[in-house]
Amino acid sequence: MTLEHLNRLLEAIRTARVAVLGDYCLDAYWFADLSRSEISLETGLPTHPVSHQRTAPGGAGNVVANLAALGVGSLNALGVIGDDIWGRELLRLLQNSGADTSGILTQTANWDTLAYVKPHAEGREENRRDFGNFNELSRETAEALVARLDELASEVDVVLINQQVPQGIHTPFLREALAAAIARHPRIIFIADSRHFSGCYRGAWLKLNAHEAVRLTGGPDEAPSRSRVLEAAELLFARGGRPVFVTFGSRGVVVRTGEGVAEIPGVPAPGETDTVGAGDSLLAGVAAALAAGAQPADAALLGNYAAAGTI
C-alpha cells in the first residue's frame with residue numbers, strides 16, 4: 001500500500017459506518033498512597049487511601065474507542081449495562097468518544113455492568129474486583145437488542161460482534177437471533193470476534209488469533225506453527241464460506257477469502273511493547289477499512305498499523 005493509497009483510505013474512513021454489538025465492560029483503576037493510611041475504627045484494619053483513579057472502556061467499549069480514534073464517521077454502540085455507577089460511567093465514556101449509545105440498553109434486574117476494578121498499591125496491582133459474573137440476560141433484553149440492530153440495518157456498512165466473557169450478553173438465544181439477523185441483512189458485513197462461540201454466528205466473517213483458530217479446528221493448544229495457522233484458516237473458510245482473519249502476533253495476519261490466502265506481514269514495533277489491546281485495535285482497523293470500501297488484504301494491513309500503534 002502506497003502512502004497515497006493509505007491517505008485516500010484514511011479519508012474515506014471519515015464516511016464509514018460501523019456498529020459494535022457486544023460485551024461492554026468498564027476498567028477502573030484505583031491507585032492507593034499508603035503514606036496516608038490509618039487504622040479503621042470500624043474494622044481495626046489499615047485503610048488504602050486512593051490518591052487518584054481512572055476509568056476506561058473495555059471489551060466492546062475498547063473496540064469503539066479504537067474506531068473513534070481512527071476517525072470513523074458514524075459509530076453505533078449496542079450492548080447492555082446495569083442500573084449502576086459503572087454503567088453510568090461507561091455510558092459517559094462512550095458518548096465522549098462520539099458513539100451513538102441509543103443501542104446501549106439498561107437491564108435493571110439480574111444484571112450488573114461488567115466492571116473490573118483494579119486496585120494498585122506500592123507499585124503493584126492487587127486482587128481485582130469483578131462485577132457482572134452472575135448476570136442473566138433476559139429474553140426481552142436480547143430481543144430489544146436485536147430489534148435495535150434491525151433498525152440500524154440501513155445505516156451501517158459493518159457490524160462487529162464482540163463476545164468477551166461467558167457471562168455476557170451472548171446467551172444461546174441471542175447467538176441464534178444474531179445468526180438470523182445476519183441472514184436478514186446480506187448487504188452488511190458482519191465480523192465475529194468471539195472468545196468462546198466463534199462457530200455460532202453463521203454467515204459472519206471471522207477474526208481470531210492463531211491459538212483460537214488452531215484450537216477451533218482441533219489442533220493442539222500450543223505455540224502454533226505457520227503451516228498450522230494456514231491450515232486452520234483454510235478449514236475455517238471452508239466451514240463458513242466467509243472471509244477469515246487470523247492474527248499471528250509479530251508475523252501479522254493471515255487472510256483467507258474467496259480469492260485465496262494472503263499473509264499480511266506485521267509492522268515492526270521497536271522498543272518496549274505491551275500487546276494488551278492489540279487485537280481490538282487490529283479489528284477496528286479492519287472494520288473501518290472494510291466500511292470504507294477497502295479489500296480484505298488492505299483492511300488487514302490497516303489493522304496491522306493500528307495494532308502497531310497500540311502496542
Side-chain angles (χ1 to χ4, degrees), residues 18-26 57-64 67 75-84 86-87 90-91 94 99-116 130-208 212 216 236 239-240 242 279-280 283 287:
V18 181
V20 182
L21 186 153
D23 292 322
Y24 282 82
C25 312
L26 182 75
N62 190 44
V63 179
V64 167
L67 287 163
L75 191 50
N76 283 272
L78 295 92
V80 180
I81 59 174
D83 184 14
D84 50 41
W86 309 123
L90 179 55
L91 203 60
L94 293 172
D100 182 332
T101 60
S102 59
I104 298 292
L105 309 180
T106 301
Q107 182 173 305
T108 57
N110 301 316
W111 194 271
D112 293 319
T113 302
L114 292 164
Y116 304 97
D130 294 357
F131 294 78
N133 291 54
F134 305 96
N135 284 344
E136 296 179 12
L137 187 74
S138 71
R139 178 163 177 157
E140 292 75 17
T141 302
E143 290 174 340
L145 198 58
V146 176
R148 178 59 182 147
L149 176 61
D150 284 333
E151 291 171 2
L152 285 172
S154 64
E155 303 173 22
V156 297
D157 304 302
V158 173
V159 173
L160 298 180
I161 299 174
N162 161 278
Q163 186 271 315
Q164 194 82 9
V165 293
Q167 67 276 15
I169 65 172
H170 292 269
T171 61
F173 175 82
L174 182 63
R175 297 198 300 269
E176 282 298 315
L178 287 176
I182 292 169
R184 283 196 301 275
H185 305 296
R187 181 193 63 81
I188 299 172
I189 296 174
F190 287 83
I191 306 176
D193 183 10
S194 172
R195 287 190 177 182
H196 304 95
F197 310 117
S198 289
C200 294
Y201 308 99
R202 297 181 302 278
W205 298 24
L206 294 181
K207 177 267 177 185
L208 318 88
E212 291 167 340
L216 193 60
L236 291 169
R239 285 181 188 176
R242 294 291 189 274
D280 289 342
L283 178 63

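All values below were derived from every heavy atom in this structure, side-chain atoms included, with hydrogens, water molecules and symmetry-related copies excluded. Note that the structure is a prediction, hence the values are computed from the model and not measured.
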Is any side-chain heavy atom of [X] less than 4.5 Å from a side-chain heavy atom of [Y]?
X      : Y      : result
His170 : Val165 : no
Lys207 : Leu160 : no
Tyr201 : Arg175 : yes
Asn135 : Leu114 : yes
Leu67  : Val63  : yes
Pro57  : Val64  : no
Leu152 : Asp100 : no
Glu176 : Arg202 : yes

Open item on the list: By the salt bridge (Lys or Arg N to Asp or Glu O under 4.0 Å) test, which pairs, at least two apart or in different chains, include something from residues 131-142?
Closed with: Arg139-Glu143
Spacing of [atom1] belonging to [X] relative to [atom2] belonging to [Y], to within rounding of 0.5 Å:
X      : Y      : atom1 : atom2 : result
Asn162 : Ser194 : CG    : OG    : 8.5 Å
Phe190 : Leu206 : CZ    : CG    : 14.0 Å
Asn62  : Asp280 : CG    : CG    : 4.5 Å
Trp205 : Ile189 : CH2   : CD1   : 4.0 Å
Ile169 : Leu21  : CD1   : CG    : 5.0 Å
Leu91  : Thr101 : CG    : OG1   : 4.5 Å

Which pair of non-hydrogen atoms, one from [X] and one from [Y], has the smallest distance, and what is that distance?
X      : Y      : answer
Ile188 : Ala153 : CD1-O, 3.5 Å
Leu137 : Ala142 : CD2-CB, 3.9 Å
Leu149 : Ala181 : CD2-CB, 4.1 Å
Leu94  : Gly61  : CD2-CA, 4.1 Å
His196 : Gln163 : N-OE1, 2.7 Å
Ala144 : Leu105 : CB-CD1, 3.7 Å

Open item on the list: Working note: Asp84 + Thr113, criterion side-chain hydrogen bond (donor to acceptor under 3.5 Å, both in side chains); need CA distance, chi angles, decisive distance, verdict.
Closed with: CA-CA 7 Å; Asp84 50 41; Thr113 302; 2.7 Å; yes
side-chain hydrogen bond (donor to acceptor under 3.5 Å, both in side chains) against [X], all qualifying residues, sequence neighbours excluded:
X      : result
Asp130 : Arg128
Arg184 : Asp150
Arg148 : Ser102, Glu151

TODO: Measure the acute angle between the ring planes of Phe131 and Trp86, then classify it against the limits of 30° and 60° as parallel, tilted or perpendicular.
DONE: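 Tilted: the ring planes of Phe131 and Trp86 meet at 30° to 60°.
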TODO: Using salt bridge (charged side-chain N to carboxylate O under 4.0 Å, His left out) as the criterion, list what pairs up with Arg242, not counting sequence neighbours.
DONE: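 Partners of Arg242 by the salt bridge (charged side-chain N to carboxylate O under 4.0 Å, His left out) criterion come out as none, since no residue qualifies.
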TODO: Could you tell me whether a side-chain N or O of Gln107 sits under 3.5 Å from a main-chain N or O of Thr141, the two making a donor and an acceptor?
DONE: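 Here the side-chain-to-backbone pair does not exist.
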TODO: For Ala19, check side chain to side chain contact (heavy atoms under 4.5 Å, CB included) against everything at least two apart and list the hits.
DONE: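 Expected list: Asn76, Leu78, Val156, Val159.
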